[in-house]
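Take a look at the structure set out below.
Each chain gets a letter, A, B and so on, in the order its sequence line appears, and its residues count up from 1. Computed over heavy atoms, backbone and side chain alike; hydrogens, waters and symmetry mates excluded.
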2 protein chains.
Amino acid sequence: MDAPRWLDGREDRAWRGYRRMRRLLDLELARDLARDAGLSEPDYDVLSDLSETPDGRLRLSELADRMLWSRSRLSHHLARMRQRGLVDREECATDGRGTVVVLTAQGRRAIEAAAPGHVAAVRRHLIDLLEPDELAALERFTHRVVDRLAAGRAPRDDTDAPTDG
Amino acid sequence: MDAPRWLDGREDRAWRGYRRMRRLLDLELARDLARDAGLSEPDYDVLSDLSETPDGRLRLSELADRMLWSRSRLSHHLARMRQRGLVDREECATDGRGTVVVLTAQGRRAIEAAAPGHVAAVRRHLIDLLEPDELAALERFTHRVVDRLAAGRAPRDDTDAPTDG
DNA sequence: CTACGGTCGATGACATGTCAACCACACTGT
DNA sequence: ACAGTGTGGTTGACATGTCATCGACCGTAG
C-alpha cells in the first residue's frame, strides 16, 4: 500500500457529488413514492420488473438476478408484498424446487398507478436537468462501469458476493 | 396525470445504467471495505467526516446534517461504533443538550488504514474508468441536481423529509 | 424567576436487509 | 435404482434503518 493516489480536486468533487446526489435523490423519490402510491422503492422495482414480462410471472431466482438481490432478501420481501396482496406465489411446473412470482391484479393496478408519478419525479429531479451531452455521458459510462463490475462477479452465488479473492 | 412523458430510449438506458451501477458499485465497495478493513460503508463515512475536522470532533447534529442522516439513525449507529471503540461521546460545553462525537485513536487508525484501499477501489471501479469529459460532466450535473434537491428541502427537519407539499 | 414553545439527542417498537443453516428436489455417474 | 453433489428457496437470528415519542435543556416573553 505505497503512496496511495488520492482523488484530485475534480475527481473528489465528482465523487462527493455523486454520493450526495444519490442520497438526496433516494430520499426524494422514496418520499414521493410512499406519499403518492404507498410503495417503497424496492416494492416499485419488484412490481416494475414483473410488469415488464409478458405474463407478469418470473422465477424467483430470475427476478433476484435481474434486481441484483440475494434470493434471501427477495424471499423475505415477497412474503411481505404477498401479505399486502401485491404479488402471489405459484409452484414451478418444470422444477419442483422452484417458485414462480406472480403479479396480482392489485399489484398491476398499483404499479400502473404509481408509474406516471414516479417517472415524472425521475424527470423532474434528474433526467430533465441533464444537458444532452451529459445524458449521453451518463449512459456511456454507467454501462462501461456496470460491464466491468459484472465481469468481476462470480457467475452464480446466492450471497451477492463474488468468490474471487 | 395526463399522458405521462415516459423515458425515451436514451433516457431509459441512462436511468437503468445509473441504478445498476449504483447497486453493483455499492456491493463491491462494501465488500472490499468489510474484507480489508472490517468497516461498513456507513462506518467509513462517519469516520471519514470526523477525520476531516481539525480535532476529530463534531456535534452530533452537525455530523447528521453533513451526512444527510436523521439524528436518530446517527445516534443508533454511533452507539454501535462506540461499543467497538471507534468513536466516543462527550458532553457539549456550550449546550447542555448537545453531544460531541469524538474520533478515538483506534477510530483514526481504522480510517487511516482503510482509506488507501477504499480510494483505490473507487478509482478502480469508477473514477479511472471515466474519460476526462465524462468526469467533468459527472461533477457538473451531480452538483446541479444536488443544488435543486437541497433547495427543495426544509431548512431543519429531523425526519429527513421536507415539509413542503 | 417562570412559563412556554422549540431543539437536541436517546430510546423502543417496528420494518427491512444480511448471513448462515436447512430441506427438498435436480442432476450426474455408476 | 441410488448415492453424492449442487441448486432453489425458506427460515431464524441478528444487524441496520425508520418512525414516533420522550426527557432534558435552550431561548424568549412576561
Write out all pairs satisfying side chain to side chain donor-acceptor pair (under 3.5 Å) with one or both partners inside residues 101-118 of chain B, taking only residues at least two apart or from two chains. none
Let's see if you can work this out: which of dT10(D), dG9(C), dC26(D) has an atom nearest to the side-chain heavy atoms of S75(A)? dT10(D)
Can you tell me the distance, in whole Å, between the CD atom of E91(B) and the P atom of dC8(C)? 17 Å
How many whole angstroms separate atom CZ of R35(B) from atom P of dC19(C)? 14 Å
Side chain of R71(A) only, please: which of dG9(D), dA20(D), dT18(C) is the nearest? dG9(D)
Not counting sequence neighbours, which residues clear ring pair (Phe, Tyr, Trp, His ring centres under 6.0 Å) with H77(B)? List them please. W69(B)
Sorted by chain and residue number, the ring pair (Phe, Tyr, Trp, His ring centres under 6.0 Å) partners of Y18(B) (sequence neighbours excluded) come out as W15(B)
Minimum-distance nucleotide (side-chain atoms of R97(B) versus dA24(D), dC25(C), dT10(D)): dA24(D)
Rounded interatomic separation in angstrom, taking CG from L27(B) and P from dC19(C): 10 Å
E52(A) bridged to R16(B) by N-O distance under 4.0 Å: yes
Side chain to side chain donor-acceptor pair (under 3.5 Å) partners of R89(A), counting only residues at least two apart: none
Would a distance-only check, ignoring hydrogens and angles, find a side-chain to backbone donor-acceptor pair under 3.5 Å from E62(B) to R59(B)? no
What is the separation between atom CG on D95(A) and atom C1' on dG9(D), rounded to the nearest whole Å? 10 Å
Output one line per pair: protein atom, nucleotide atom from nucleotides 13-17 of chain C, and distance, for all N/O pairs under 3.5 Å.
unit_1, atom_1, unit_2, atom_2, d
dT16(C), OP2, R80(A), NE, 3.4
dG17(C), OP1, R73(A), NH2, 2.6
dG17(C), OP2, H77(A), ND1, 3.4
dG17(C), OP2, R80(A), NH2, 3.4

Atom-to-atom span, CZ of R59(A) to P of dT10(D) - whole angstrom: 11 Å
Residue T99(B), side-chain heavy atoms: nucleotide from dG12(C), dT10(D), dG9(C) that is nearest: dG9(C)
Any pair counted as salt bridge (charged side-chain N to carboxylate O under 4.0 Å, His left out), so long as it reaches residues 96-106 of chain A, sequence neighbours left out: D95(A)-R97(A)
Any donor-acceptor N/O pair under 3.5 Å between dC8(C) base and S61(B) side chain: no
Nucleotide dC8(C), atom C1' - distance to CG of L74(B) in whole Å: 12 Å
5'-most contact on DNA chain C: G96(A) or C92(B), nearest heavy atom basis? C92(B)
